[in-house]
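See below for the structure under consideration.
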Amino acid sequence: MRKTRFLAGASIIAAGLLALTACNSGTPGAEGGSEGGSGDAPVYGAVASDVTIENSPTFDKIQSAGKIVVGVKEDQPGLGYLDPVTGERKGFDVDTARWIAASLGFDPADESKVEYKAIASANREQALINGDIDYYVGTYSITDKRKEQISFAGPYFLTGQGLLVAADDDTITGKDSLTAETTVCSVTGSTPIQRIREQTPAQVVEFDTYSQCVEKLKNGEVDAVTTDEAILLGYAAQDPDNLKIAGEPFSEERYGVGIAKGDTAFQEFVNTMFTDGGDTWQAIFEKNLGASGVSGEQPTVDPVS
Ligand code: GLU
């Protein structure tokens, strides 16, 4: 394991992060008030009216509750993020969740109509099975194993597994450079933790969230963090002096919207939204990830996701 290379004390790091967070709220990605706060039209489009979906248990539940509960991440900048300063939720996944809500006829700007629950990677299937959330949008890879318990709409985004390392690290250059001496952090119940265990000799440390792993990397307690490159780019952008991506992506992760198993009517509704959504996907991408360096091409929906 590499020794601590970040000489700054924790408080200085924390202050730096706060400053970066404050800076970030001035980036193009944060403009336009995702909930229409600045007066611009919301990026997710208009709130639909008179929506009906036949034979959808999810839609029936939402209708009788009079609100939607969405599962999200809240520590992944650019994707699913709760701004600790403003209290605003933002990111590509959050705006995609809002787009779905608006298409279902629920106004995302109205807190009594759309509620968010942060659910860690390991707890997503169970949250959907329990009905704690109506759908989940948060870097959720479509896999056959997960499809045994839940269903997916999408894919709506493609990325691949990568490695985040210290900016001054020139020993880790990609997956094949990991050795039995390398300590890699990832998240319980995620696809990347499984792949890093199967495909490399590295020692693996696990936490509930990627932000915990990033803290360990900054402290020098681990040598790398592994997860989807789209997630890692968000952390690197927050702290480019200390963090960088090493090497090329080594998997294909297809993000889907997690839904209750077998609710094909709801699945078709969301898939149609993605397919016939005009420029909305692109607008959501540009706003949140346009400057991040990830590919901005919308994937084709797979009806059997
Ligand atoms: N996309 C991967 C997964 O679903 C990693 C990101 C995450 O844990 O949300 O497991």
Side-chain angles (χ1 to χ4, degrees), residues 70-82 89-97 116-129 132-133 135-164 175 184-200 202 204-217 222 224-237 245 247-259 261 285 288-289 292 294-295 299 302 305:
V70 189
V72 291
K73 293 285 182 71
E74 60 183 23
D75 69 327
Q76 299 180 176
L79 291 160
Y81 191 66
L82 177 60
R89 289 188 189 271
K90 46 185 158 184
F92 177 77
D93 283 334
V94 171
D95 277 336
T96 300
Y116 301 92
K117 266 193 193 165
I119 310 274
S121 294
N123 303 332
R124 292 179 284 205
E125 289 84 50
Q126 203 56 51
L128 285 163
I129 291 167
D132 295 340
I133 52 174
Y135 56 91
Y136 188 95
V137 192
T139 63
Y140 200 7
S141 295
I142 299 169
T143 70
D144 288 342
K145 183 151 185 289
R146 290 173 179 164
K147 283 200 288 190
E148 288 169 12
Q149 292 187 285
I150 60 139
S151 296
F152 288 98
Y156 66 94
F157 190 71
L158 304 183
T159 181
Q161 183 169 352
L163 292 164
L164 185 74
K175 187 187 82 170
V184 180
C185 191
S186 197
V187 158
T188 311
S190 69
T191 51
I193 202 166
Q194 200 183 330
R195 192 172 294 104
I196 212 76
R197 284 197 167 116
E198 284 166 7
Q199 298 186 3
T200 78
V204 178
V205 176
E206 66 183 277
F207 288 93
D208 287 340
T209 63
Y210 296 108
S211 49
Q212 290 171 295
C213 283
V214 173
E215 281 310 305
K216 297 289 169 193
L217 176 62
V222 302
V225 178
T226 190
T227 184
D228 307 333
E229 201 172 74
I231 300 173
L232 299 177
L233 281 164
Y235 293 120
I245 305 279
E248 296 301 315
F250 48 92
S251 74
E252 184 178 71
E253 304 298 316
R254 301 159 69 242
Y255 288 175
V257 177
I259 63 172
K261 185 168 170 63
F285 177 85
N288 294 291
L289 296 174
S292 70
V294 298
S295 158
D302 174 359
S305 281

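Whatever order the structure lists them in is the order used to number ligands and atoms, beginning at 1.
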Under a 4.0 angstrom heavy-atom cut-off, which atoms of ligand 1 come close to [X]?
{"X": "S190", "value": "8 (O), 10 (O)"}
{"X": "I231", "value": "6 (C)"}
{"X": "T139", "value": "1 (N), 2 (C), 3 (C), 4 (O), 6 (C), 7 (C), 9 (O)"}
{"X": "K73", "value": "7 (C), 8 (O), 9 (O)"}
{"X": "S121", "value": "7 (C), 8 (O), 9 (O)"}
{"X": "G138", "value": "9 (O)"}
{"X": "Y255", "value": "1 (N)"}
{"X": "T227", "value": "5 (C), 6 (C)"}

A quick test of your reading: do over 12 heavy atoms of other residues, nucleotides or ligands sit less than 6.0 Å from CD of Q199? yes
Test of understanding: given a 4.0 Å heavy-atom threshold, classify the contact between V187 and ligand 1 as side chain, backbone, both, or neither.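 Under 4.0 Å from ligand 1, V187 contributes no heavy atoms.
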At under 4.0 Å between heavy atoms, which part of R124 makes contact with ligand 1: side chain, backbone, both or neither?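 The answer is the side chain of R124.
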Salt bridge present between E125 and K145 (N-O < 4.0 angstrom):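 A salt bridge is absent here (no side-chain N lies under 4.0 Å from a carboxylate O).
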Member of V225, V184, L233, T226 meeting the side chain to side chain contact (heavy atoms under 4.5 Å, CB included) criterion with L164: V225
Heavy-atom distance under 4.5 Å between the side chains of [X] and [Y], does that happen here?
{"X": "Y156", "Y": "F285", "answer": "no"}
{"X": "T159", "Y": "F157", "answer": "yes"}
{"X": "L79", "Y": "K73", "answer": "no"}

Could you work out, with side-chain contact (heavy atoms from CB on, under 4.5 Å) as the rule, every residue matching V72, not counting sequence neighbours?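 By the side-chain contact (heavy atoms from CB on, under 4.5 Å) rule, V72 matches V70, R89, Y116.
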Nearest non-hydrogen atom to atom 7 (C) of ligand 1 belongs to which of Y136, Y210, Y140, F157? Y210
Among protein heavy atoms, which lies nearest atom 4 (O) of ligand 1, and at what distance?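 For this ligand atom, the closest protein heavy atom is R146 NH1, 2.8 Å.
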Considering only protein heavy atoms, which is closest to atom 2 (C) of ligand 1, and at what distance to one decimal place?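 For atom 2 (C) of ligand 1, the nearest protein heavy atom comes out as T191 OG1, 3.2 Å.
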L232 vs T227, side chain to side chain contact (heavy atoms under 4.5 Å, CB included): CA-CA, chis, key distance, verdict: CA-CA 7 Å; L232 299 177; T227 184; 3.6 Å; yes
List in chain and number order the residues that pass ring-ring contact (aromatic ring centres under 6.0 Å, His included) with Y235, two or more places apart in sequence or in another chain; answer none if no residue qualifies.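 ring-ring contact (aromatic ring centres under 6.0 Å, His included) check on Y235 returns nothing, list empty.
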